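In what follows, chains carry the letters A, B, and so on, assigned in the order in which the sequence lines appear, proteins first and then strands, with residues in each chain numbered from 1. Not measured: the values here are computed from a predicted model.
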Amino acid sequence: MEHIWDFESVFTNWRLLLIGLGNTVLLAVVCLGIGLFLGLFIGAARYSKNRLLNVPASVFVEVFRNTPALVQIMWFFFAFPIISPFRIDSFTAATLGLSLNTAAFCSEIYRAGIQSIHRGQWEAAKALGMRYGEQMRRVILPQAMRRMIPAFMNRAIELTKMTSLASVIAFGELVHQAKTISTIEFNPIETYTVVGLIFFIMIWPIAIAVRGLERRLSRHE
Amino acid sequence: MGYEWDFGVVFRDFDLLLLGLVNTLKVTGLALLFGVPLGLILALLRLSRHGVIRIPVGIVIEFLRSTPPLVQLFWLFFALPILTGINITPFIASVVTFSFQSSAFFAEVFRGGIVSIEKGQWEAAKAIGMDRGQSMRRVILPQAVKRMIPAFLERVIELMKTTTLVATVSYADLLYEANTIAQATFRPLEVFTVAAAMYFAVLFPVSLFVRRLERRLGRTGEGTVH
Amino acid sequence: MTELLKIENLNKSFGALEVLKGIDLTVEKGETVVILGSSGSGKSTLLRCVNFMEIPTSGRIAIAGKPVGTERSRASGRIQVDYRESELIGIRATVGMVFQHFNLFPHMTAFGNVMEGPRTVLKLPRGECEARAETYLSKVGLADKMHSYPAHLSGGQQQRVAIARALAMEPQLMLFDEATSALDPELVGEVLQTIRSLADEGMTMLIVTHELGFAYSVASKVLFLSDGVILEQGAPDDVLVRPKQQRTRDFLRGHATYKLPDLAIT
């Protein structure tokens with residue numbers, strides 16, 4: 001069967017794609033910000049010695065890591081509104097699902113990064129008379145951060161791919177816009193090819209940067 | 001908020017959810033069956049000394065890793081029938097998509113394991129007269145596979161989570177069944193919560209096992225790859 | 001005496017770095033040749049060219065009278081040779097090599113390590129492979145450790161297994177690349193003893209080592225390599241006790257902590 005490629009019908013709808021791209025980036029950036037921020041506290045809570053902190057934090061992390069992101073998003077969109085005191089639109093539901101998911105994964109990155117610092121560093125800082133907070137802020141985190149950056153960037157990659165799930169609850173990101181275009185124009189092959197390429201162009205440079213960073217870090221250590 | 005929970009409706013249709021779970025496992029299992037060998041082949045090709053093999057294979061792997069699986073699934077589901085004239089069921093589209101999608105990730109696990117083996121092992125194999133294939137089969141892979149197991153299992157967890165996407169092309173997996181029941185009973189809160197719990201019940205034990213394995217391999221100084 | 005190894009005008013460069021510059025060397029059957037030199041002198045590279053772990057940039061190597069590869073040209077004294085990988089694999093199977101870091105296969109027992117070459121490369125019947133493994137592990141004094149994994153052996157034991165692994169291929173030539181450099185001092189002796197007994201049996205060997213006392217007592221010929229050329233060669237007494245070159249003397253003085261009998265360093 002001969003298929004006549006028709007990319008023009010995709011590009012006449014560039015406005016729709018641009019809106020989709022904007023929404024994809026918006027969702028990814030917001031969720032990454034919230035995830036990085038919350039993740040630090042959840043990570044700290046999980047490894048605190050206080051059971052009132054570490055048990056709920058552990059449950060949170062395990063639940064969000066061991067259930068599919070799509071289920072999380074659909075739960076926040078279809079199920080959560082029933083008990084929620086406020087209205088939930090598709091953006092809010094997607095943000096809740098993806099932010100909390102990202103926070104769970106980031107908390108583990110913080111933990112692994114901090115644990116990777118040699119015990120001697122804590123001891124040296126302690127021997128100088130630093131308090132716990134000072135040890136963490138002045139000595140441990142600056143070293144750990146460098147090692148965590150590639151993992152966080154990988155998270156950003158996964159998150160950007162996951163934003164496509166928001167199309168399922170009709171949030172107007174790239175894939176949702178692609179659905180709309182392909183329904184109007186009957187050109188799913190071309191539309192999804194273009195959308196695939198847009199994602200690739202967004203994500204691949206990050207993937208290359210991650211590899212470069214990892215190589216640099218492993219050479220330094 | 002006086003919401004009255006009623007899990008009764010969920011358990012009336014629980015057999016449907018279980019059937020959905022079986023279908024989820026079916027897609028996951030088949031994608032593994034095809035994705036793992038394909039991943040090994042891709043990894044070996046990507047480690048080739050010839051640029052004409054290495055570079056295109058690298059691009060394919062990068063492309064599969066850098067685009068959302070949902071886009072891949074839609075592309076295949078809508079595009080394949082148009083391009084080939086063959087009508088494919090949601091089930092076949094899902095298995096094909098996730099076999100390819102996961103093979104790219106498995107390829108990177110294999111590659112990571114292979115390059116983590118010390119150069120001395122290649123040298124020792126070479127020095128007793130082994131060729132590249134023999135060195136790989138007898139010396140490198142048996143050691144690499146052991147280090148890869150945790151990363152490999154983590155990919156399996158990711159794969160099973162990713163298969164939820166099949167619901168979007170109306171394949172009756174666990175999520176799809178949950179959605180159907182939720183709409184029929186007007187009890188989305190209970191239904192989706194139970195569905196999430198079912199995924200958790202399958203995936204959490206695997207996660208725990210991975211962590212124990214990593215600790216053990218870490219303790220014996222063998223290390224693991226990611 | 002028969003000539004087992006003949007190296008003619010051997011050069012090896014890594015990129016712009018010339019590591020070996022025109023090496024000529026002949027080794028008779030049954031000889032033990034010790035190669036000395038400071039790090040970076042090219043001694044390991046020379047060894048690794050003999051079994052083609054490294055492909056020489058130019059020069060000819062003949063083993064047991066048979067030149068390896070096909071000569072392409074001899075322009076301005078440089079001998080260009082083409083090699084086929086299958087021929088080189090055959091060469092490696094008849095030349096044993098022992099590494100500084102042992103490089104035992106950690107997923108196989110001592111027995112498995114020694115059997116591996118005869119089984120996979122020589123494709124001998126299983127029974128014969130087992131017989132060889134037993135013979136050579138006993139020979140290096142490890143008959144009782146046959147079923148241990150490398151991780152459960154001391155460094156000295158691991159290196160002896162590595163020697164047995166090389167011997168099981170029944171090579172005509174053995175190469176030792178700093179075989180004791182990675183060992184704790186108290187474990188060096190057992191490995192040197194194993195190498196010495198091979199010399200006594202008439203095995204042809206090329207040994208790179210920093211153990212001057214051992215070199216003195218085991219070598220039939222000593223080479224001193226400096227900046228990729230053989231600066232001095234001869235009997236141990238000539239090179240180690242009465243060196244002619246200033247650079248050889250400097251090297252020996254630097255290693256004076258190794259006790260040498262009546263070493264006349266002036």
Given a strict heavy-atom distance threshold of 4.5 Å, which part of Thr162(B) is in contact with chain A: side chain, backbone, both, or neither? neither
Please classify the contact between Leu208(B) and chain A as side chain, backbone, both or neither, with a heavy-atom cut-off of under 4.5 Å. neither
Can the ring centroids of Phe7(B) and Phe14(B) be said to lie less than 6.0 angstrom from one another? no
Mind ranking Thr193(A), Ile208(A), Val168(A), Leu197(A) by heavy-atom pairs under 4.5 Å with chain B and telling me who comes out on top? Thr193(A)
So, the part of Ala182(B) with a heavy atom under 4.5 Å from chain A: the answer is neither
Could you tell me how the ring of Phe200(A) sits relative to the ring of Phe63(B): parallel (under 30°), tilted (30 to 60°) or perpendicular (over 60°)? tilted
Examine the side chains of Gln115(A) and Arg111(A) and answer whether a donor and an acceptor come within less than 3.5 Å of each other. yes
Quick check on Glu158(B) against chain A: is it the side chain, the backbone, both or neither that has a heavy atom closer than 4.5 Å? side chain
Val191(B) versus Ala178(B), closest heavy-atom pair with distance: CG1-O, 3.2 Å
Determine, for Arg147(B) against Glu118(B), whether the closest basic-nitrogen to carboxylate-oxygen distance falls under 4.0 angstrom. yes
So which residue, Ile203(A), Ile198(A), Ile206(A), Ile201(A), ends up with the most heavy-atom pairs under 4.5 Å with chain B? Ile203(A)
Engaged part of Arg65(B) at the chain A interface, taking heavy atoms whose separation is under 4.5 Å: backbone
Report yes if the distance between the aromatic ring centroids of Phe110(B) and Phe106(B) is under 6.0 Å, otherwise no. no
Which bit of Thr164(B) comes within less than 4.5 Å of chain A, counting heavy atoms only: side chain, backbone, both or neither? both
